[in-house]
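Position 1 is the first residue of the sequence, and the numbers go up from there. Because the structure is predicted, anything quoted here is derived from the model rather than measured.
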Amino acid sequence: MPRPRPTCAGRVRAAGAGTPDTPFDWEIVDRRSPYLFDTTGPESDWNTHITDVKSRTVPVPVDLTALLDQVEERLATLVADEPLAALRAAAALERLTQRVATDAAYSVDAVAQPPWHTIAQALGISEKAALSRLTRYTLRY
């Protein structure tokens, strides 16, 4: 039995702005190369949505972003040169991020007690995902 094919490319429905879907005309889509289909419309909608979401999130300090980029670059090199050392470093980072996430989750809850929609917006995720994430962070210990 053949798999069902999508009939349209859904557009992002952010901030209550519903836009129509972009229909797929399967007569013009090469079945052997569907990845060649022009998706610039939906991709543009997605990029606009991501830009909008990022503009409403809490920014990570520039110096920390730069430091994280350096750590990522160094770890990528370490993976190629010394994979076991990279695994030890990754384990250390996991422990560090778990502690920080737990402390931050407790601080958000104890200090400000913002509503879930505010937390979700600040993190750039849905309310359900924010609740799940903070619950997971606080239940670790």
Enquirer: Other than L131, what residues sit in its cluster of Ile, Leu, Val, Met, Phe, Trp and Tyr side chains whose heavy atoms are under 4.5 Å apart, directly or through others?
Expert: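 V108, W116, I119, L123, I125, L134, all in the cluster of L131.
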
Enquirer: Mark yes when over 12 heavy atoms from residues, nucleotides or ligands other than R88 sit less than 6.0 Å from its CZ; otherwise mark no.
Expert: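 Count not over threshold, so no.
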
Enquirer: Whether the side chain of T57 engages the backbone of K54 through a donor-acceptor N/O pair (distance < 3.5 Å, no angle test) should be reported.
Expert: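 Looks like yes, one N/O pair under 3.5 Å.
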
Enquirer: When rounded to the nearest 0.5 angstrom, what is the spacing between OG1 in T65 and CG in D63?
Expert: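 So the gap between those two atoms works out to 8.0 Å.
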
Enquirer: Rounded to the nearest 0.5 Å, what separation is found between the CZ atom of R74 and the OG1 atom of T77?
Expert: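 Atom-to-atom, R74:CZ and T77:OG1 are 6.0 Å apart.
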
Enquirer: State which residues pass side-chain hydrogen bond (donor to acceptor under 3.5 Å, both in side chains) with S55; sequence neighbours excluded, sorted by chain then number.
Expert: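 S55: no side-chain hydrogen bond (donor to acceptor under 3.5 Å, both in side chains) contacts found.
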
Enquirer: Considering all heavy atoms of both residues, which atom of A89 and which atom of L78 are nearest to each other, and what is their separation?
Expert: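 Heavy atoms of A89 and L78 come nearest at CB-CD2, 4.5 Å.
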
Enquirer: What about V100 and Y137, same hydrophobic cluster or not, with Ile/Leu/Val/Met/Phe/Trp/Tyr joined at side-chain heavy-atom distances under 4.5 Å?
Expert: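 No; tracing contacts between hydrophobic side chains, which count when under 4.5 Å, never links both residues.
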
Enquirer: To the nearest 0.5 Å, what is the distance between CZ on R133 and OG on S126?
Expert: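 Atom-to-atom, R133:CZ and S126:OG are 9.5 Å apart.
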
Enquirer: S107 side chain to D103 main-chain N or O, any donor-acceptor pair under 3.5 Å?
Expert: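 Such a contact is found between S107 side chain and D103 backbone.
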
Enquirer: Looking only at non-hydrogen atoms, find the nearest pair between A105 and T138 and report the distance.
Expert: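 That would be CB-CG2, 3.6 Å.
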
Enquirer: In Å, rounded to the nearest 0.5 Å, how long is the span from CG of L67 to CD of E72?
Expert: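 It is 12.0 Å, given to the nearest 0.5 Å.
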
Enquirer: Just jot down the side-chain hydrogen bond (donor to acceptor under 3.5 Å, both in side chains) partners of E43, sequence neighbours excluded, or say none.
Expert: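 E43 satisfies side-chain hydrogen bond (donor to acceptor under 3.5 Å, both in side chains) with T39 once adjacent residues are dropped.
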
Enquirer: Can you find a pair of side-chain heavy atoms, one from P115 and one from T118, that are under 4.5 Å apart?
Expert: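 In contact.
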
Enquirer: May I ask you to say whether D52 pairs ionically with R56, meaning some side-chain N is under 4.0 Å from a carboxylate O?
Expert: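 So D52 pairs with R56 through a salt bridge.
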
Enquirer: How long is the gap from CZ on R136 to CD on Q98, to the nearest 0.5 Å?
Expert: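 Reported to 0.5 Å precision, the distance equals 10.0 Å.
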
Enquirer: Any chance CD of E82 has more than 12 other-residue heavy atoms, nucleotides or ligands included, within less than 6.0 Å?
Expert: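 At most 12 heavy atoms, drawn from other residues, nucleotides or ligands, come within 6.0 Å of this atom.
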
